[in-house]
Amino acid sequence: MRTPKGFMFDLDGTLILSNRALGSYEAIAGAAEALQELDALGVPWIALTNGSAYASRVQAPRLRKVGLPVSDERLFTPNSVAAKVIADGGYERVLVLGNAGVFEALEELGVTCVSPDADDHAGCDAVYVAWHPDCSMPHIHAACEAVLNGAAFLTASDVPFFATKEGRSFGYSCAINGAVQRVTGVNPQPTGKPSAHALDFIAAQLGVSREDVGIVGDDATAEMQMAREGGAVGIAVTSGSTSEEQWADQPPGKTPDLVIHNIGELVDRLGLR
């Protein structure tokens, strides 16, 4: 196995466990110490969550409050990647199915967001589905109409589950995506993990090649599939939604290069000292 030159860490199940309402965090044992060790060794790292409910400047202080040394500048979300995808695609008006935090994050990054409740939501050239617990049938109808009229169909995440203190919880965006896809026949284009957009973004932030990125996470689809498809190094943890036995049963496209109990073991297992 290659030794990564930089690392991307997932949040839920890897660095923290939250509750299902995303209102309280608990750092996973060894996580803070591992990040501090990497800093002492001069190894670059970032955190990229598939959660889109909060802007980085809102979420990062919550991580620091539970002892994780994650600066605002080191935390990224699918909204961070989506803003670049939207800019690169030349999309001018984006119909956003998301909570207030999603709108806030995108607007701070220069995206013109349109609510499905707005009177003028017609004519959007892209749809972006994110964390939206208050989604209604009229919202899904508006998204379907836009996609059927040619709008690009983007999403923060199409991964069905994430780890919480109460066990696995389903992702709202995945459920909404399924409804829109069933009606329109158009598959959503994720901006978060495991998309190539996300891996390119990670590599650029770390200043290393794709092949030199160590992707650390608890989800076979979000993290390990991204590593396999992008040629990065996949490092799986059993502190979240996937057990050691489940990791051993993964198909080749989702098999990790290394399985560890939690990231407290990372530096020693990779011989980084």
Side-chain angles (χ1 to χ4, degrees), residues 8-14 46-56 75-89 91 94-99 101-103 105-106 109 111 113 124-133 135 140 143-144 146-147 151-163 168-205 210 213 215-232 234 241-242 253-254:
M8 181 233 79
F9 295 100
D10 172 48
L11 283 192
D12 296 297
T14 304
I46 63 168
L48 175 64
T49 176
N50 258 11
S52 54
Y54 305 112
S56 297
L75 176 62
F76 299 94
T77 75
N79 304 324
S80 312
V81 184
K84 184 177 187 309
V85 173
I86 290 165
D88 290 348
Y91 304 125
V94 181
L95 181 69
V96 177
L97 275 64
N99 69 351
V102 175
F103 276 80
L106 290 174
L109 293 167
V111 177
C113 300
C124 291
D125 49 9
V127 171
Y128 181 62
V129 176
W131 181 259
H132 194 27
C135 185
I140 292 173
C144 291
V147 172
F153 182 14
L154 310 176
T155 184
S157 172
D158 202 36
V159 176
F161 300 105
F162 64 98
R168 71 178 189 178
S169 296
F170 80 90
Y172 289 113
S173 58
C174 180
I176 299 167
N177 293 339
V180 177
Q181 191 278 334
R182 184 69 181 269
V183 172
T184 65
V186 177
N187 292 323
Q189 179 183 349
T191 62
K193 300 168 292 186
S195 73
H197 296 301
L199 183 53
D200 285 340
F201 185 90
I202 292 162
Q205 292 297 323
R210 278 183 170 203
V213 175
I215 296 174
V216 187
D218 72 313
D219 188 278
T221 298
E223 286 89 37
M224 297 310 118
Q225 181 177 318
M226 181 166 68
R228 280 281 164 264
E229 291 179 347
S241 60
T242 309
K254 297 182 179 182

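None of the values given here were measured: they were computed from a predicted structure. Nothing fancy with the numbering, it's 1 onward along the sequence.
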- Task: Given side-chain contact (heavy atoms from CB on, under 4.5 Å), test Val216 with Glu223 step by step and report yes or no.
- Result: CA-CA 7 Å; Val216 187; Glu223 286 89 37; over 6 Å; no
- Message: Between Thr221 and Gln225, is the side-chain contact (heavy atoms from CB on, under 4.5 Å) condition met? List the steps.
- Response: CA-CA 5 Å; Thr221 298; Gln225 181 177 318; 3.6 Å; yes
- Message: The test is side-chain contact (heavy atoms from CB on, under 4.5 Å); show your working for Cys113 and Val94 and say whether it passes.
- Response: CA-CA 5 Å; Cys113 300; Val94 181; 5.7 Å; no
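For the pair Leu95 and Ala146, the tightest heavy-atom approach, listed with the atom from each and the gap, is CD2-CB, 4.3 Å. Scanning all heavy atoms of the two residues, the minimum distance from Ser52 to Val102 falls at O-CG2, 3.1 Å. Contact detail for Ala130 and Ile176: the closest heavy-atom pair is O-CD1, 4.5 Å. Contact between Ala83 and Leu109 at its shortest, heavy atoms only, is CB-CB, 3.6 Å. Scanning both residues, Tyr128 and Leu106, for their nearest heavy atoms gives CD2-CD1, 3.6 Å. Across Pro194 and Glu229, no two heavy atoms sit closer than the pair O-OE1, 4.1 Å.
Taking 4.5 Å as the limit, some side-chain heavy atom of Leu97 sits within range of a side-chain heavy atom of Cys135.
With sequence neighbours excluded, no residue forms a side chain to side chain donor-acceptor pair (under 3.5 Å) with Ser80. Residues forming a salt bridge (Lys or Arg N to Asp or Glu O under 4.0 Å) with Asp10 (at least two apart in sequence, or on another chain): Lys193. Under the rule for a side chain to side chain donor-acceptor pair (under 3.5 Å), Asp219 has no partner lying at least two apart in sequence or in another chain. The side chain to side chain donor-acceptor pair (under 3.5 Å) check on Ser157 picks up Asn50, with sequence neighbours excluded.
For residues 177-191, no pair satisfies salt bridge (charged side-chain N to carboxylate O under 4.0 Å, His left out), with sequence neighbours left out.
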Sequence neighbours left out, cut at 3.5 Å: what donor-acceptor pairs do the side chains of residues 196-205 make with other protein atoms?
unit_1	atom_1	unit_2	atom_2	d
His197	NE2	Gln189	NE2	2.6
Asp200	OD1	Arg210	NE	2.8
Asp200	OD1	Arg210	NH2	3.0

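Judged by distance alone, the side chain of Ser173 and the main-chain N or O of Val129 form no donor-acceptor pair under 3.5 Å.
Expressed to the nearest 0.5 Å, how far CE of Met226 lies from CG of Leu48 amounts to 6.5 Å.
Test Asn79, Thr77, Val85 against Val81 for side-chain contact (heavy atoms from CB on, under 4.5 Å) and you get one pass: Val85.
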